[in-house]
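Within every chain, numbering begins at 1; the chains are lettered A, B, ... in the order of the sequence lines, protein sequences first and strands thereafter.
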Amino acid sequence: MYILPKSFYARDPKVVAIDLLGKVIVRKLDGERLSGIIVETEAYYGFNDPASRAYGGIKPFCRVMLEEPGTLFIYMVHGNWLLNIVTLPKGIPSAVLIRAVEPKEGIKIMLRNRRVKRIYDLTNGPGKFTKAFGITKEYNGLNVADPSSPINIIDEGYRPSSIESSHRIGVSRDLPQKLRFYIKDNPYVSKAKPRA
DNA sequence: AGGAAGATCTACT
DNA sequence: GTAGATCTTCCTA
């Protein structure tokens with residue numbers, strides 16, 4: 001039960017994406033504590049990945065991809081904030097997108113942030129998860145390995161029984177490798193299907 | 001000014 | 001289950 005150090009993130013985003021499954025993301029909010037088990041991730045590379053924000057060069061809004069590993073990279077897509085964590089050593093852009101979590105602590109507060117009928121719909125998508133956790137661009141650039149950060153990722157010892165992979169979801173131009181990873185049979189994994 | 005972007009919700013068959 | 005509208009930034013022209 002400890003906060004994952006920067007060295008955890010200073011590796012290939014694919015490896016980090018897999019290792020993040022089963023880890024717990026904790027969010028401190030007004031003295032309350034929200035947390036969830038990470039059940040679905042995607043890996044994004046840099047200049048050579050057509051689906052990466054860094055493809056073709058770093059633009060102003062994705063400059064934090066050049067920061068230390070463990071840095072939060074948050075941006076808006078289709079009206080949703082998506083939360084990524086920067087990987088590889090400083091200066092080499094790449095990241096892991098958190099796509100879904102299994103709610104653990106603070107579910108009442110999450111339900112206040114996002115009204116849903118079924119608890120399974122609370123955080124089973126990248127935009128749903130950030131909304132439920134009350135995460136916006138204001139945390140862009142913070143580092144999850146920093147204990148004073150309002151968002152940390154900790155290891156509570158949980159290890160997924162079985163991990164599946166697929167192509168990334170929603171991307172218009174994907175790489176040949178499968179870079180989406182999720183815990184098999186977990187009901188909190190997003191329902192979205194990768195395009196054929 | 002216009003359009004694309006790693007998505008989500010609603011309203012149907 | 002699928003189709004279409006719509007969500008909000010940021011980039012490009």
Side-chain angles (χ1 to χ4, degrees), chain A residues 9 12-18 20-21 25 36 38-67 69-88 92-103 110-142 144 151 153 164-183 187-196:
Chain A
Y9 304 101
D12 188 302
K14 175 178 172 178
V15 176
V16 177
I18 294 169
L20 276 176
L21 296 175
I25 184 162
I38 297 170
V39 300
E40 181 178 350
T41 58
E42 279 178 4
Y44 286 85
Y45 289 90
F47 304 124
N48 299 317
D49 180 350
S52 173
R53 299 274 116 160
Y55 182 62
I58 296 290
K59 292 132 217 140
F61 85 104
C62 62
R63 196 174 298 136
V64 296
M65 287 187 86
L66 297 176
E67 286 304 315
T71 298
L72 283 170
F73 174 34
I74 301 173
Y75 60 87
M76 170 74 65
V77 175
H78 292 77
N80 305 285
W81 294 110
L82 306 202
L83 182 149
N84 298 252
I85 298 166
V86 174
T87 54
L88 290 176
I92 310 174
S94 68
V96 171
L97 167 68
I98 307 293
R99 286 194 54 88
V101 307
E102 174 177 333
M110 295 183 204
L111 282 169
R112 199 191 305 148
N113 293 336
R114 223 182 98 72
R115 271 230 57 78
V116 289
K117 297 193 188 78
R118 305 179 323 128
I119 195 77
Y120 298 112
D121 294 327
L122 190 51
T123 56
N124 64 339
K128 300 178 185 178
F129 147 68
T130 53
K131 181 121 194 265
F133 273 61
I135 294 171
T136 65
K137 186 163 188 72
E138 69 178 303
Y139 296 133
N140 190 45
L142 266 47
V144 295
I151 301 175
I153 297 181
E164 299 260 282
S165 67
S166 82
H167 280 286
R168 293 177 294 190
I169 290 177
V171 304
S172 39
R173 294 166 299 171
D174 204 354
L175 290 172
Q177 308 108 286
K178 296 186 172 175
L179 291 172
R180 170 181 175 241
F181 306 96
Y182 56 97
I183 298 179
Y188 297 91
V189 170
S190 76
K191 305 292 181 293
K193 297 275 181 295
R195 59 172 64 189

Hey, is NZ on A/Lys117 packed in by over 12 heavy atoms from elsewhere, all under 6.0 Å? no
A/Pro60 side-chain proximity, nearest of C/dC11, B/dG6, C/dT9: C/dC11
Quick one: which of B/dG6, C/dT8, B/dA7 gets closest to the side chain of A/Tyr44? B/dG6
Mark yes or no for a side-chain to base donor-acceptor pair under 3.5 Å between A/Asn84 and B/dG6, with no hydrogen or angle criteria applied. yes
When you check the phosphate oxygens OP1 and OP2 of B/dG6, does a side-chain N or O of A/Arg173 lie under 4.0 Å from one of them? no
Strictly below 4.0 Å: does A/Lys191 bring a side-chain N or O up to OP1 or OP2 of B/dT8? no
Nearest-nucleotide pick for A/Asn80, side chain only, options being B/dT8, C/dC11, B/dA5: B/dT8
Integer-rounded Å distance: B/dA7 C1' and A/Phe129 CZ: 15 Å
Measure from the side chain of A/Ser172, starting at C-beta and using heavy atoms only, and say which of B/dG6, C/dT8, B/dC9 lies closest. B/dG6
Could you check whether A/Arg114 gets within reach of a base, just the sugar-phosphate, or nothing at all, counting any heavy atom under 4.0 Å? sugar-phosphate
Taken to the nearest whole Å, CG/A/Leu82 to P/C/dC10 is 13 Å
So which nucleotide from C/dT9, B/dA5, B/dT8 ends up closest to the side chain of A/Val77? B/dA5
Once you round it to whole Å, what is the distance between C1' of C/dC10 and NZ of A/Lys59? 10 Å
Return the value, rounded to whole Å, for the distance between atom CZ of A/Arg118 and atom P of B/dC9. 12 Å
Establish, with yes or no, whether the OP1 or OP2 oxygen of B/dG6 is under 4.0 angstrom from a side-chain nitrogen or oxygen of A/Ser52. no
Shortest non-hydrogen contact from A/Phe181 to A/Ala17? CD1-CB, 3.8 Å
Between C/dC11 atom C1' and A/Tyr75 atom OH, what is the distance in whole Å? 15 Å
Mind checking if A/Arg53 touches a base, just sugar-phosphate, or nothing, with heavy atoms under 4.0 Å? base
Donor-acceptor contact present, side-chain A/Ser94 to main-chain A/Thr87, <3.5 Å: yes
Annotated structure of DNA chain C as dot-bracket, pair cut-off 3.5 Å, Watson-Crick or G-U only, | for inter-strand, is ||||||.|||||.
Quickly, which of A/Thr71, A/Thr41, A/Ile98, A/Leu97 forms a side-chain contact (heavy atoms from CB on, under 4.5 Å) with A/Ile85? Name it, please. A/Ile98
Neighbour count >12 (heavy atoms, 6.0 Å) for atom CZ, A/Phe47: yes
Whether A/Ser52 side chain and A/Tyr45 backbone form a donor-acceptor pair below 3.5 Å: yes
Take the protein atom OH of A/Tyr120 and the nucleotide atom P of B/dT8, then report the distance between them rounded to whole Å. 19 Å
Rounded to the nearest Å, what distance is computed from the OH atom of residue A/Tyr182 to the P atom of nucleotide B/dG6? 20 Å
For the pair A/Tyr188 and A/Glu40, evaluate side-chain contact (heavy atoms from CB on, under 4.5 Å) and give the outcome as yes or no after the intermediate values. CA-CA 9 Å; A/Tyr188 297 91; A/Glu40 181 178 350; over 6 Å; no
So which one's nearest nucleotide on DNA chain C is more toward 5', A/His78 or A/Lys137? A/His78
A/Glu42/A/Arg168 ion pair, N-O < 4.0 Å: no
Separation of C/dT8 P from A/Lys131 NZ (nearest whole Å): 10 Å
